[in-house]
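These notes concern the structure reproduced below.
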Amino acid sequence: MEISVTQQMQIFFGALAIGCVFGIIFDIFRAVRALIPPPTVIAFVQDILFTSLCACLCFTYTLLTNSGQLRAYIFVGAAIGFIIYFNTVGAIFIKAFRRMTLAIKRALSKAFREISQKIGAFFALLWKKTSGIRKKLKKFLFFFKKPFIFLRKCCRILNGRLSRGGKRRKSAKTASKPPIKSSGKIF
């Protein structure tokens, strides 16, 4: 089956449009990656998804317009359409997207700063108003803390063993007397 030159030109210009659609899909993926930088594995999956989506669109286009016959000018047209979109509309889209995300980040930063200042002022006021209560609570809790202070002075845990006495034992190296040698008997 012969395809006329006019039909080939129509298919070629349609392939240019498909290339522009590829560029739009690429910009969507690029925008998502700019907002939320993915780990390497997820970026790999996104690349495979983009490639599969473009392959399906190209196959569907050739099936509908050219009875499924693969011609080089279809792929060349799609590539040229993608390059044209990427260097014209895509560049404008990315600049606008970067400005928009920068404006959003600035607005969120300003809002977060104002909210955090108000929360900080609230807690400072709360801290100031509760100073009397905190002093009374500190005295009250010290009453319950006394037995534990006494126990801490009486018993210390050294090297995983409970030892008695308020002072730490000196190690064998720092002691002035030589260590007592045991006879090997337990009792």
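Only this structure's heavy atoms are used, side chains among them; waters, hydrogens and symmetry mates stay out. None of these values were measured; they are calculated from a predicted model.
- Atom CD1 of I36 has 12 or fewer neighbouring heavy atoms from other residues, nucleotides or ligands inside a 6.0 Å radius.
- Note: the hydrophobic cluster containing F13 also contains I74 (ILVMFWY, side chain heavy atoms under 4.5 Å, direct or indirect links).
- Tracing side-chain contacts under 4.5 Å through hydrophobic residues (I, L, V, M, F, W, Y), one never reaches I104 starting from I28; they form parts of separate clusters.
- In this structure a side-chain-to-backbone donor-acceptor pair under 3.5 Å is missing from Y73 to M9.
- For the pair Q117 and R113, the minimum side-chain heavy-atom distance is below 4.5 Å.
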The test is ring-ring contact (aromatic ring centres under 6.0 Å, His included); show your working for F26 and Y85 and say whether it passes. CA-CA 10 Å; F26 181 74; Y85 174 84; 9.2 Å; no
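- Between Y61 and I11, the closest heavy-atom pair is OH-O, 2.7 Å.
- Heavy atoms only, all atoms of each residue included: G81 and C20 are closest at O-SG, 3.7 Å.
- No continuous path of ILVMFWY side-chain contacts below 4.5 Å connects V32 to M100, so the two sit in separate hydrophobic clusters.
- Nearest heavy atoms, A78 versus F22: CB-CE1, 4.0 Å.
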Could you go through the side chain to side chain contact (heavy atoms under 4.5 Å, CB included) check for F44 and T40 one step at a time? CA-CA 6 Å; F44 178 72; T40 308; 5.7 Å; no
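- Going from atom SG of C58 over to atom CG of L53 covers 11.5 Å, rounded to the nearest 0.5 Å.
- Hydrophobic clustering (side-chain heavy atoms under 4.5 Å, transitive across Ile, Leu, Val, Met, Phe, Trp, Tyr) keeps V45 apart from F50.
- I24 is not connected to I80 by any chain of hydrophobic side-chain contacts under 4.5 Å among Ile, Leu, Val, Met, Phe, Trp and Tyr, and they are in different clusters.
- For the atom pair L63 CG and L70 CG, the distance stands at 10.0 Å (nearest 0.5 Å).
- Rounded to the nearest 0.5 angstrom, R30 CZ and I25 CD1 are separated by 14.0 Å.
- Q46 approaches F29 most closely through the heavy-atom pair O-CE2, 3.8 Å.
- Within a 6.0 Å sphere centred on CZ of R33, heavy atoms belonging to other residues, nucleotides or ligands number more than 12.
- The closest side-chain heavy-atom distance from I119 to I115 is below 4.5 Å.
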Indicate every side-chain donor-acceptor pair of residues 87-96 with a distance under 3.5 Å to a residue at least two apart or in another chain.
from	atom 1	to	atom 2	distance (Å)
N87	ND2	I83	O	3.3
T88	OG1	I84	O	2.6

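- Within the 4.5 Å cutoff, no side-chain heavy atoms of F97 are placed close to those of D27.
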